[in-house]
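This report refers to the structure that appears directly beneath it.
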Amino acid sequence: IFTPAYSHSDEFLLNPPIRIFNNTIGESGQDVQPRIGIFVSSVYQPVIENNEINFFRSNMSVYPSARGIWVQACVLPQIKANSIIESQGNHNLFDNLIGIRSDANSNPCIGANDPLQNLGYGISFMGENGHVSMALNNFDECDNGVQLDGAEIGTQGTQDRTDDNQWTDI
C-alpha cells in the first residue's frame, strides 16, 4: 500500500485524512511477501492500524531491505495494533528486516503493535521525530528492539511511569 504526498486545505480535512486498516500483506509461511508493506509520506494525521504483515525468508541469499510499515515526514501519525512477523525464524539477514520505520515524523504515536517478531529491528527511527509516544509494543525475538539512526525521539517513560513495552528473547 503506497500513499504519496498530498496537500489539503482546511475545507477538506478528513478525520482521519488517511486510515489504512485490516489488511493482510504477505502470506505466513509462503515466499509471497512485500519489500515494503505500507508506505506513507507527508500526510497529516495518518492512522495505520490492525494490519498483519508477513515476511518469509526461505533461503539465506541476499534479500533487499524490507520494511513492514514505513512512515516519513508525517504529522501526528498513529501506528497501532499491527502485527509484523518473519515466519521463517532464525536467519542471517535479520538486519534487512525492519518492522516499523519512522523517518522525520512529527510526534508519532506507535503503540500496541503485537507482535513485532523475528526482525532485525522492531522499530527504527531516523532524524528528528519530536516527542514519540511508544507504548505497549511486544518485541519478540528481534535482534534489536529499537534503533536510533541519528534520531531524536524525546524522553520515554519517567521514574513513575513506564510505557509497558514487552521485550522477549531479544
Side-chain angles (χ1 to χ4, degrees), residues 1-8 10 13-21 25 34-51 53 55 64-86 93-170:
I1 297 173
F2 171 75
T3 59
Y6 76 96
S7 62
H8 62 78
D10 290 334
L13 186 59
L14 302 175
N15 186 17
I18 291 188
R19 182 174 177 231
I20 301 170
F21 64 103
I25 300 170
R35 190 174 77 77
I36 300 170
I38 297 170
F39 176 73
V40 179
S41 178
S42 302
V43 174
Y44 181 73
Q45 292 185 331
V47 176
I48 303 167
E49 64 184 336
N50 297 320
N51 297 289
I53 301 171
F55 293 101
S65 295
R67 282 102 175 93
I69 298 171
W70 185 5
V71 180
Q72 72 178 37
C74 292
V75 176
L76 302 171
Q78 294 183 41
I79 304 166
K80 57 186 180 179
N82 299 286
S83 69
I84 304 171
I85 300 170
E86 195 289 319
L93 298 170
F94 268 148
D95 285 353
N96 287 349
L97 290 173
I98 296 173
I100 298 170
R101 176 74 182 225
S102 178
D103 290 350
N105 293 295
S106 177
N107 304 325
C109 177
I110 302 173
N113 295 289
D114 185 8
L116 301 171
Q117 185 174 23
N118 292 330
L119 304 167
Y121 302 99
I123 300 174
S124 176
F125 294 95
M126 183 176 209
E128 174 62 47
N129 281 271
H131 180 76
V132 174
S133 173
M134 184 173 58
L136 302 170
N137 297 291
N138 180 6
F139 301 89
D140 186 10
E141 297 185 46
C142 295
D143 272 3
N144 303 280
V146 176
Q147 177 193 36
L148 302 178
D149 186 1
E152 296 287 333
I153 64 170
T155 302
Q156 299 298 306
T158 66
Q159 186 173 345
D160 301 316
R161 178 189 58 83
T162 65
D163 290 325
D164 292 327
N165 291 295
Q166 289 187 331
W167 310 83
T168 310
D169 293 328
I170 289 192

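Numbers here simply count residues along the sequence, with the first being 1.
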So which atom in [X] and which in [Y] form the shortest heavy-atom distance, rounded to 0.1 Å?
{"X": "D114", "Y": "S83", "result": "O-CB, 3.5 Å"}
{"X": "N129", "Y": "P108", "result": "O-CD, 3.1 Å"}
{"X": "Y121", "Y": "Q147", "result": "CD2-CB, 3.5 Å"}
{"X": "S65", "Y": "R35", "result": "O-CG, 3.1 Å"}
{"X": "V71", "Y": "P77", "result": "CG1-CB, 4.0 Å"}

Do side-chain atoms of [X] reach the backbone of [Y] as a donor and acceptor pair under 3.5 angstrom?
{"X": "D140", "Y": "N138", "value": "no"}
{"X": "N105", "Y": "V75", "value": "no"}
{"X": "N144", "Y": "G120", "value": "yes"}
{"X": "Q156", "Y": "I153", "value": "yes"}
{"X": "N51", "Y": "I20", "value": "yes"}

Within a strict 4.5 Å, meaning less than it, do heavy atoms of the [X] and [Y] side chains meet?
{"X": "F125", "Y": "E152", "answer": "no"}
{"X": "F55", "Y": "I85", "answer": "no"}
{"X": "I25", "Y": "I38", "answer": "yes"}

Side chain to side chain donor-acceptor pair (under 3.5 Å) against D164, all qualifying residues, sequence neighbours excluded
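So D164 forms a side chain to side chain donor-acceptor pair (under 3.5 Å) with T162.
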Partner residues of D103 under the side chain to side chain donor-acceptor pair (under 3.5 Å) criterion, sequence neighbours left out:
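Listed in chain order: W70, R101.
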How many angstroms lie between [atom1] in [X] and [atom2] in [Y], if you round to the nearest 0.5 Å?
{"X": "N113", "Y": "I100", "atom1": "CG", "atom2": "CD1", "answer": "4.0 Å"}
{"X": "N82", "Y": "F21", "atom1": "CG", "atom2": "CZ", "answer": "12.5 Å"}
{"X": "C142", "Y": "E86", "atom1": "SG", "atom2": "CD", "answer": "11.0 Å"}
{"X": "Q45", "Y": "L76", "atom1": "CD", "atom2": "CG", "answer": "5.0 Å"}
{"X": "L136", "Y": "I110", "atom1": "CG", "atom2": "CD1", "answer": "13.0 Å"}
{"X": "R19", "Y": "I48", "atom1": "CZ", "atom2": "CD1", "answer": "12.0 Å"}

Give me each pair satisfying salt bridge (Lys or Arg N to Asp or Glu O under 4.0 Å) with a member in residues 69-78, each pair once, sequence neighbours excluded.
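Sorted pair list comes back empty.
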Salt bridge (Lys or Arg N to Asp or Glu O under 4.0 Å): which pairs involve residues 75-84, sequence neighbours left out?
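Sorted pair list: E49-K80.
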Got a sec, which residues hit side chain to side chain contact (heavy atoms under 4.5 Å, CB included) with N165, two or more places apart in sequence or on another chain?
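Once residues adjacent in sequence are excluded, the partners of N165 under the side chain to side chain contact (heavy atoms under 4.5 Å, CB included) criterion are M134, N137, F139, D163, W167.
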Show your reasoning for whether side chain to side chain contact (heavy atoms under 4.5 Å, CB included) applies to L116 and I123.
CA-CA 8 Å; L116 301 171; I123 300 174; 3.9 Å; yes
Apply side chain to side chain contact (heavy atoms under 4.5 Å, CB included) to I84 and I69, showing your working.
CA-CA 9 Å; I84 304 171; I69 298 171; 4.1 Å; yes
CA sep, side-chain torsions, deciding dist, call: Q72, F39, side chain to side chain contact (heavy atoms under 4.5 Å, CB included):
CA-CA 8 Å; Q72 72 178 37; F39 176 73; 3.8 Å; yes
